[in-house]
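Quick note: numbers below take in every heavy atom, side chains included, and nothing from hydrogens, waters or symmetry partners.
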Amino acid sequence: MTDEEQELLQNKIIGIIGLSVGQSVAISLAMERCFGELRIADFDTLDLSNMNRIRTGVYNIGLKKSWIVAREIAEIDPYLKVTLYNEGIIEDNINDF
């Protein structure tokens, strides 16, 4: 990747809808630091039945998946810009997302 291409990526907004499997994508992007803003959307809370798809502990059961993922990203780099859509993607926020 050229310096120009890296600089271009640093200004891009990436959106991830659904954070069961999408959590792995979000964390990988955060570790690479290759975006300007990450928008994550999920209406769901963590339940024991979906812990096989999201890497976390039982202490997070009942929390919004978006909060769990945002917290993990903040632990990697607290300066990354992450915008949460805790209600998922709905008619009221689809254009903003």
Side-chain angles (χ1 to χ4, degrees):
M1 242 183 168
T2 66
D3 290 340
E4 293 80 23
E5 291 169 330
Q6 289 178 14
E7 189 173 315
L8 182 65
L9 275 176
Q10 290 299 321
N11 297 313
K12 296 294 182 184
I13 297 169
I14 299 174
I16 299 173
I17 302 171
L19 295 174
S20 286
V21 176
Q23 181 234 15
S24 297
V25 175
I27 298 306
S28 294
L29 287 167
M31 289 190 300
E32 292 295 326
R33 294 171 174 83
C34 61
F35 57 85
E37 178 183 354
L38 184 61
R39 296 181 181 177
I40 56 176
D42 200 316
F43 65 90
D44 203 8
T45 57
L46 182 67
D47 189 62
L48 188 60
S49 66
N50 53 27
M51 283 191 64
N52 63 323
R53 295 181 304 278
I54 186 168
R55 192 185 64 81
T56 191
V58 293
Y59 51 86
N60 280 325
I61 289 177
L63 294 180
K64 290 276 194 183
K65 291 179 186 176
S66 55
W67 298 344
I68 296 166
V69 174
R71 183 184 299 155
E72 190 170 356
I73 290 171
E75 290 175 2
I76 293 167
D77 185 343
Y79 300 104
L80 292 174
K81 183 172 182 182
V82 178
T83 303
L84 306 181
Y85 290 78
N86 295 318
E87 62 282 337
I89 298 300
I90 56 175
E91 189 174 332
D92 291 342
N93 69 15
I94 185 72
N95 290 328
D96 182 52
F97 185 84

Subject >> Atom pair CD1 (I68) and CD1 (I73), whose distance is rounded to the nearest 0.5 Å >> reply: 12.0 Å

Original post:
Does the side chain of R39 come within less than 4.5 Å of I14's, by heavy atoms?
Top reply: no

Original post:
What is the distance from atom CD of E37 to atom CG of N11, rounded to the nearest 0.5 Å?
Top reply: 11.5 Å

**OP:** Give the C-alpha distance, both sets of side-chain angles, the deciding distance and a yes or no for side chain to side chain contact (heavy atoms under 4.5 Å, CB included) between R71 and N60.
**Re:** CA-CA 11 Å; R71 183 184 299 155; N60 280 325; 3.5 Å; yes

Original post:
In chain order, what residues pass the ring-ring contact (aromatic ring centres under 6.0 Å, His included) check against F35, with sequence neighbours excluded?
Top reply: none

Subject >> Members besides I94 in its Ile/Leu/Val/Met/Phe/Trp/Tyr cluster (side-chain heavy atoms under 4.5 Å) >> reply: I17, Y85, I89, F97

**OP:** Enter the distance from Q6:CD to C34:SG here, rounded to the nearest 0.5 Å.
**Re:** 10.0 Å

**OP:** Answer yes or no: is there a side-chain heavy-atom contact under 4.5 Å between N93 and E87?
**Re:** yes

Subject >> Partners meeting side chain to side chain contact (heavy atoms under 4.5 Å, CB included) with L84 (sequence neighbours left out) >> reply: I40, S66, W67, A70, V82, N86

Subject >> Point-to-point distance, once rounded to the nearest 0.5 Å, from CG of L8 to CG of D3 >> reply: 12.5 Å

Original post:
Does E7 have any side chain to side chain contact (heavy atoms under 4.5 Å, CB included) partners at least two apart in sequence or in another chain, and if so, which?
Top reply: none

Original post:
Are L38 and T83 side-chain neighbours, meaning at least one heavy-atom pair lies under 4.5 Å?
Top reply: no

Subject >> Heavy-atom pair with the smallest gap, counting every atom of L19 and A41 >> reply: CG-O, 4.1 Å

Subject >> Least distance between heavy atoms, A26 atom then V69 atom >> reply: CB-CG1, 3.9 Å

Original post:
Any link between F43 and L48 through a network of hydrophobic side chains (Ile, Leu, Val, Met, Phe, Trp, Tyr) touching at under 4.5 Å?
Top reply: no

Original post:
Take atom CD in E32; do more than 12 heavy atoms of anything else shown fall under 6.0 Å from it?
Top reply: no

Original post:
I61 versus T56: any side-chain heavy-atom pair under 4.5 Å?
Top reply: no

Original post:
Which distance, rounded to the nearest 0.5 Å, do you find between the CG of N50 and the CD1 of I54?
Top reply: 7.0 Å

**OP:** Using a 4.5 Å cut-off on heavy atoms from C-beta on, say whether the side chain of K81 contacts that of I13.
**Re:** no

**OP:** Please test R53 against Q23 for side chain to side chain contact (heavy atoms under 4.5 Å, CB included), starting from the C-alpha separation and ending with a verdict.
**Re:** CA-CA 9 Å; R53 295 181 304 278; Q23 181 234 15; over 6 Å; no

Original post:
If you link I, L, V, M, F, W and Y whenever their side-chain heavy atoms are under 4.5 Å apart, who else ends up in the same group as Y79?
Top reply: none

Original post:
Between the main-chain N or O of T2 and the side-chain N or O of E5, is there a donor-acceptor pair closer than 3.5 Å?
Top reply: yes

Subject >> Partner residues of R33 under the salt bridge (Lys or Arg N to Asp or Glu O under 4.0 Å) criterion, sequence neighbours left out >> reply: D77

Subject >> Gap between atom CD of E75 and atom CD1 of I27 - 0.5 Å precision >> reply: 9.0 Å

Original post:
Under 3.5 Å, is there a donor-acceptor pair between the S20 and K65 side chains?
Top reply: yes

Original post:
Is a side-chain donor or acceptor of D42 paired with a backbone partner of G88 at a separation under 3.5 angstrom?
Top reply: no

